[in-house]
Trainee: 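What follows is a structure written as structure tokens; I'll ask about it next.
Lettering follows sequence order; numbering is per chain, from 1.
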Protein chains: 2
Amino acid sequence: MAKSDAIPAPTVRRLSLYLRQLELYRETGLRTVSSKQLGESLQLTDAQVRKDLAVFGHLGHPGIGYRVEEMIGRIRRILGTDRVWNVALVGAGNLGRAFASYRGFITKGFNITAVFDADPSKIGTVMPGADPVVVQPVSELAATIGLRNIDLAILAVPMSDAQAIADQCMQAGISGILNFAPMALRVAPGATIINVDLAVHLEQLSFRVCELRR
Amino acid sequence: MAKSDAIPAPTVRRLSLYLRQLELYRETGLRTVSSKQLGESLQLTDAQVRKDLAVFGHLGHPGIGYRVEEMIGRIRRILGTDRVWNVALVGAGNLGRAFASYRGFITKGFNITAVFDADPSKIGTVMPGADPVVVQPVSELAATIGLRNIDLAILAVPMSDAQAIADQCMQAGISGILNFAPMALRVAPGATIINVDLAVHLEQLSFRVCELRR
DNA sequence: TTTTGTGAATTGCTTCACAGCA
DNA sequence: TGCTGTGAAGCAATTCACAAAA
């Protein structure tokens, strides 16, 4: 049945956006929301919103809309963020420091519990964050990942090191990698990699600006 | 005719990836590349690659493939990065510092020529980067954008300030904004906004890991 | 009324498969 | 032979439009 059908990737992306918006609504005290309202907040059609939310089965209430609190719980369950993920951060440079100190991660259920770097001058220093973490050498990566309950890794390392570090992570049993090095990494079976290239986003912006002027 | 047709969004996204890969090929001295090779490097089918590259009209050479150097030029021209964009960075926190010092931006044609922050203790300090820039108060944003030739802005500010800053940027004549605050910003006509939410990427990763285990 | 859920229609993207060129 | 370019086919996502529920 519909329950076990794979959720389309565009829908999953939007689920994250719905969740963010619903959490904003909750802060303002809103209890229910219609597909029309939600769609307007996110620049989507109401039909799109309803189709997306139909992955949960019947959850909306005709004439009323969707209960904010209920939807938040359901979306988190689908996304797998109804729990806390322990995350390893590799790379204690500027980008790494930005991640470690970003409050949004912990409120979303991602807890950076270990930080690694190859630079000896950084090892032993403290990364400020949800709970501050001492920077460890990359050589301790495998052992630490195995010891603590770490499933995800954020890679904020130079391109030249990225594949080697990713391989180490996957060998150590990491299930998912969020890679910020500007290259597509080879992925081992049983693991998942999402590549985020910040320069690519600027290029897309450049294109859209040119397109608008055309 | 085909020339003036809009390029599909998925194709534009992939053009950035082709460009990155082609620049890697160039470094290794490769002169030509087939759609099959390029596809394998990026996990795409050869047909997909050819369809995408067909936006340029006839550029491939049957029996030979595509000339690396030529393709790089063509893609940059389409993306609008065959020139240097002056970019304003708003927010001199950890994330802002990461952008300012990221070498990838300048090699792609994005030059951070001004940095702004609301925090008085940051103003007057120097942000290290391609050419180091002194942090200015946000009050000088409009004047500086008008004075220098600044078309794009990167927003690395708290959610609470993001919309106000974006409005100021657009009023000052900015054409494109890359927003890292975790909310969708309202956009003025004639401007473009791309929203990048780092926590959303982690959620997508979480989902994919759960899915894989299912 | 308002608003959901959903088949049907539509639009858009990807893959196939092959003619044509080097 | 090796490879491109592209119609045609196939598949996926979005939008439409309306019956049903509150």
Side-chain angles (χ1 to χ4, degrees), chain A residues 1-18 21-22 25 30-71 74-75 78 204 207-208 211, chain B residues 1-18 21-22 25 30-72 74-75 78 204 207 211:
Chain A
M1 298 289 122
K3 189 83 171 295
S4 65
D5 275 355
I7 303 175
T11 297
V12 178
R13 265 195 297 281
R14 285 188 299 266
L15 285 179
S16 276
L17 303 183
Y18 297 143
Q21 190 63 42
L22 288 164
Y25 285 148
L30 200 65
R31 307 293 298 273
T32 64
V33 67
S34 72
S35 55
K36 190 149 172 288
Q37 279 178 279
L38 199 44
E40 271 163 14
S41 299
L42 295 168
Q43 317 236 51
L44 302 167
T45 65
D46 54 337
Q48 177 79 84
V49 173
R50 287 197 299 278
K51 263 271 157 60
D52 285 340
L53 298 186
V55 300
F56 302 110
H58 293 226
L59 189 54
H61 306 275
I64 303 212
Y66 300 86
R67 297 198 206 294
V68 171
E69 194 61 39
E70 199 178 359
M71 284 304 310
R74 289 299 198 97
I75 298 181
I78 287 271
Q204 300 292 306
F207 173 83
R208 299 243 298 253
E211 187 183 41
Chain B
M1 15 204 85
K3 189 82 171 293
S4 65
D5 275 357
I7 303 175
T11 297
V12 179
R13 265 195 297 281
R14 286 189 297 267
L15 285 178
S16 276
L17 303 183
Y18 297 144
Q21 190 63 43
L22 287 164
Y25 284 150
L30 201 64
R31 307 293 298 273
T32 65
V33 66
S34 72
S35 56
K36 191 146 172 291
Q37 280 178 279
L38 198 45
E40 273 165 11
S41 299
L42 296 168
Q43 317 236 52
L44 303 167
T45 65
D46 54 339
Q48 178 79 84
V49 173
R50 288 198 299 278
K51 262 271 157 55
D52 285 340
L53 297 186
V55 300
F56 302 110
H58 293 226
L59 188 55
H61 305 273
I64 301 206
Y66 301 86
R67 297 199 207 293
V68 171
E69 194 61 38
E70 199 178 0
M71 284 304 311
I72 289 176
R74 288 300 198 97
I75 297 180
I78 286 269
Q204 299 293 305
F207 173 82
E211 187 182 43

Trainee: Just to confirm, is there a sub-4.0 Å distance from OP1 or OP2 of D:dG5 to any side-chain nitrogen or oxygen of B:Y66?
Mentor: yes
Trainee: Name all residues meeting the side chain to side chain contact (heavy atoms under 4.5 Å, CB included) criterion together with A:E69; count only those two or more places apart in sequence or in a different chain, and write none if there are none.
Mentor: A:R26
Trainee: In whole angstrom, give the distance that lies between atom CG of B:L44 and atom P of C:dC13.
Mentor: 15 Å
Trainee: Which atom names give the shortest non-hydrogen contact between A:L22 and A:I75, and what distance separates them?
Mentor: CD1-CD1, 3.8 Å
Trainee: Between C1' on C:dT14 and CD on B:Q43, what's the gap in Å once rounded to a whole number?
Mentor: 17 Å
Trainee: Do B:L15 and B:F56 come within less than 4.5 Å of each other through their side chains, counting heavy atoms only?
Mentor: yes
Trainee: Please write out each protein N/O paired with an N/O of nucleotides 10-14 of chain D under 3.5 Å, distance rounded to 0.1 Å.
Mentor:
from: D:dT14; atom 1: OP1; to: A:R14; atom 2: NH1; distance (Å): 2.9
from: D:dT14; atom 1: OP2; to: A:R14; atom 2: NH2; distance (Å): 2.8
from: D:dT14; atom 1: OP2; to: A:Q48; atom 2: NE2; distance (Å): 3.4
from: D:dT14; atom 1: O5'; to: A:Q48; atom 2: OE1; distance (Å): 3.3

Trainee: Return the value, rounded to whole Å, for the distance between atom NZ of A:K36 and atom C1' of D:dA17.
Mentor: 16 Å
Trainee: What is the distance from atom CD of B:Q48 to atom CD of B:Q43, rounded to the nearest 0.5 Å?
Mentor: 13.0 Å
Trainee: Report the distance from atom NE2 of B:H61 to atom CD of B:E70, rounding to the nearest 0.5 Å.
Mentor: 5.0 Å
Trainee: Name all residues meeting the side chain to side chain donor-acceptor pair (under 3.5 Å) criterion together with B:S41; count only those two or more places apart in sequence or in a different chain, and write none if there are none.
Mentor: B:Y25
Trainee: Give, for atom CE of B:M71 and atom CG of B:L59, the distance between the pair rounded to the nearest 0.5 Å.
Mentor: 5.5 Å
Trainee: Just to verify, what does A:S34 make a side chain to side chain contact (heavy atoms under 4.5 Å, CB included) with, not counting sequence neighbours?
Mentor: A:K36, A:Q37
Trainee: Atom CG of B:L53 and atom P of D:dT4: how far apart are they, to the nearest Å?
Mentor: 9 Å
Trainee: Which whole-number value in Å describes the distance from A:D46 CG to C:dT3 P?
Mentor: 10 Å
Trainee: Filter on salt bridge (charged side-chain N to carboxylate O under 4.0 Å, His left out), then keep only pairs touching residues 51-60 of chain B, sequence neighbours left out; what's left?
Mentor: B:R14-B:D52
Trainee: Whole-Å distance between C:dT14 P and B:I7 CD1?
Mentor: 13 Å
Trainee: Write down the distance between CZ (A:F56) and C1' (C:dT4), rounded to a whole number of angstrom.
Mentor: 15 Å
Trainee: Go along nucleotides 17-22 of chain C 5' to 3' and tag each nucleotide: B for a protein heavy atom under 4.0 Å from its base, S when only backbone or sugar atoms are that close, - otherwise.
Mentor: B--BBS
Trainee: To the nearest Å, give me how far apart CE (A:M71) and P (C:dT4) are.
Mentor: 11 Å
